[in-house]
Amino acid sequence: MTSTPDGACAEPVRAALTVDGRRLSYLDFGGPGRPLIALHGHFGEARTFARLAGALAPDWRVVALDQRGHGLSDPGPDYSRAGYVGDAAALVARLGLDRPVVLGHSLGGVNAYQLAARHPELVSALVIEDIGAEVRDDLSF
């Protein structure tokens with residue numbers, strides 16, 4: 001993977017997996033580094049993490065998911081926390097990643113917390129940005 005002068009990755013690979021008949025798109029910024037799954041906020045998409053991936057390369061391999069109903073991913077039958085968490089878990093399994101770090105921004109932060117809580121065997125560490133540790137509101141989409 002190469003970086004552009006502004007820190008963005010030059011050529012991430014766009015790929016997809018199928019979960020319950022729905023297409024979930026993701027960007028794999030590649031490289032030999034430690035894996036980091038990136039989950040964007042409401043109305044965001046995987047490309048949100050392009051500059052970060054460039055800044056972290058080659059020490060980190062950033063894989064950013066277009067969460068259900070965002071970017072190039074199909075809409076989900078619902079926007080429940082269980083749905084979002086299942087999608088992220090499916091991505092980790094599909095890529096065969098061994099306990100990646102999970103980064104979440106806003107909505108993605110809530111999903112990252114829940115992924116780690118429901119599937120601690122899948123996550124080695126969390127980086128949460130722009131969301132509190134306690135969420136009392138309904139954050140479904």
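Only heavy atoms go into these numbers, but all of them, side chains included; no hydrogens, no water, no symmetry mates. Not measured: the values here are computed from a predicted model.
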Discussion item. Looking at every non-hydrogen atom in both residues, tell me the closest pair between Ala112 and Leu126 and how far apart they are.
Written reply: O-CD2, 3.5 Å
Item to complete: Find out if a path of hydrophobic residues (ILVMFWY) with successive side-chain heavy-atom gaps under 4.5 Å connects Val13 to Val63.
Response: no
Discussion item. A side-chain contact here means heavy atoms from C-beta on lying under 4.5 Å apart; do Val92 and His119 qualify?
Written reply: no
Worksheet entry | Residues Asp74 and Arg23 bridged, charged N to O under 4.0 Å | no
Worksheet item: Taking the side chain as C-beta and beyond, is there a heavy-atom pair between Leu65 and Leu24 under 4.5 Å?
Response: yes
Discussion item. What I want to find out is whether Arg34 reaches Asp59 closely enough, with some N-O distance under 4.0 Å, to be called a salt bridge.
Written reply: no
Fill in: Minimum-distance pair of heavy atoms, taken over all atoms of Tyr79 and Gly69
OH-CA, 3.7 Å
Response to the item:
Looking only at heavy atoms, the pair that brings Phe29 and Ala53 closest together is CG-CB, 3.4 Å
Fill in: Student check: side-chain heavy atoms of Gln67 and Leu39 closer than 4.5 Å
yes
Discussion item. Minimum heavy-atom separation for Gly109 and Ile131, please, with both atom names.
Written reply: CA-CG2, 3.9 Å
Worksheet, complete the sentence: Residues Ala46 and Ala64: closest non-hydrogen pair is CB-O, 3.2 Å
Worksheet item: So which of His40, Glu129, His42 actually passes side chain to side chain donor-acceptor pair (under 3.5 Å) with His105?
Response: Glu129
Item to complete: Taking only Lys NZ, Arg NE, NH1 and NH2, and the carboxylate oxygens of Asp or Glu, determine whether Asp66 and Arg14 approach each other closer than 4.0 Å.
Response: yes
Worksheet entry | CA sep, side-chain torsions, deciding dist, call: Val110, Arg81, side chain to side chain contact (heavy atoms under 4.5 Å, CB included) | CA-CA 8 Å; Val110 176; Arg81 196 64 47 224; 3.4 Å; yes
Discussion item. Would you say that Val102 contacts Val127 through its side chain, given a criterion of any heavy-atom pair below 4.5 Å between the two side chains?
Written reply: no
Response to the item:
In short, salt bridge (charged side-chain N to carboxylate O under 4.0 Å, His left out) pairs touching residues 88-105 with sequence neighbours left out are none
Worksheet item: Does any non-hydrogen side-chain atom of Val101 lie less than 4.5 Å from one of Ser124?
Response: yes
Worksheet item: Looking at CZ of Arg61 and CG of Leu36, how far apart are the two atoms once the value is rounded to the nearest 0.5 Å?
Response: 11.0 Å
Worksheet item: What do the steps show when you test Val62 against Leu56 for side chain to side chain contact (heavy atoms under 4.5 Å, CB included), and what is the final call?
Response: CA-CA 8 Å; Val62 176; Leu56 295 177; 4.1 Å; yes
Discussion item. Measuring only between side-chain heavy atoms, which start at C-beta, is Pro77 closer than 4.5 Å to Arg22?
Written reply: yes
Worksheet item: Taking side chain as C-beta onward, heavy atoms only, is Val123 less than 4.5 Å from Leu115?
Response: yes
Worksheet item: Should Leu122 and Leu95 be regarded as members of a common hydrophobic cluster, given that ILVMFWY residues are connected when their side-chain heavy atoms come within less than 4.5 Å of each other, either directly or indirectly?
Response: yes
Fill in: Side chain Arg68, main chain Gly83, donor-acceptor under 3.5 Å
yes
Item to complete: Taking all heavy atoms of Ser106 and all of Gly41, pick out the closest pair and write down the distance.
Response: CB-CA, 4.0 Å
Discussion item. Any non-hydrogen side-chain atom of Tyr84 less than 4.5 Å from a side-chain atom of Gln114?
Written reply: no
Practice prompt. Under the side chain to side chain contact (heavy atoms under 4.5 Å, CB included) rule, what do Leu97 and Ile37 come out as? Steps first, then yes or no, please.
Written response: CA-CA 10 Å; Leu97 300 176; Ile37 298 293; 3.5 Å; yes
Practice prompt. Mind checking the OG-NE2 spacing from Ser25 to His70? Nearest 0.5 Å is all I need.
Written response: 13.0 Å
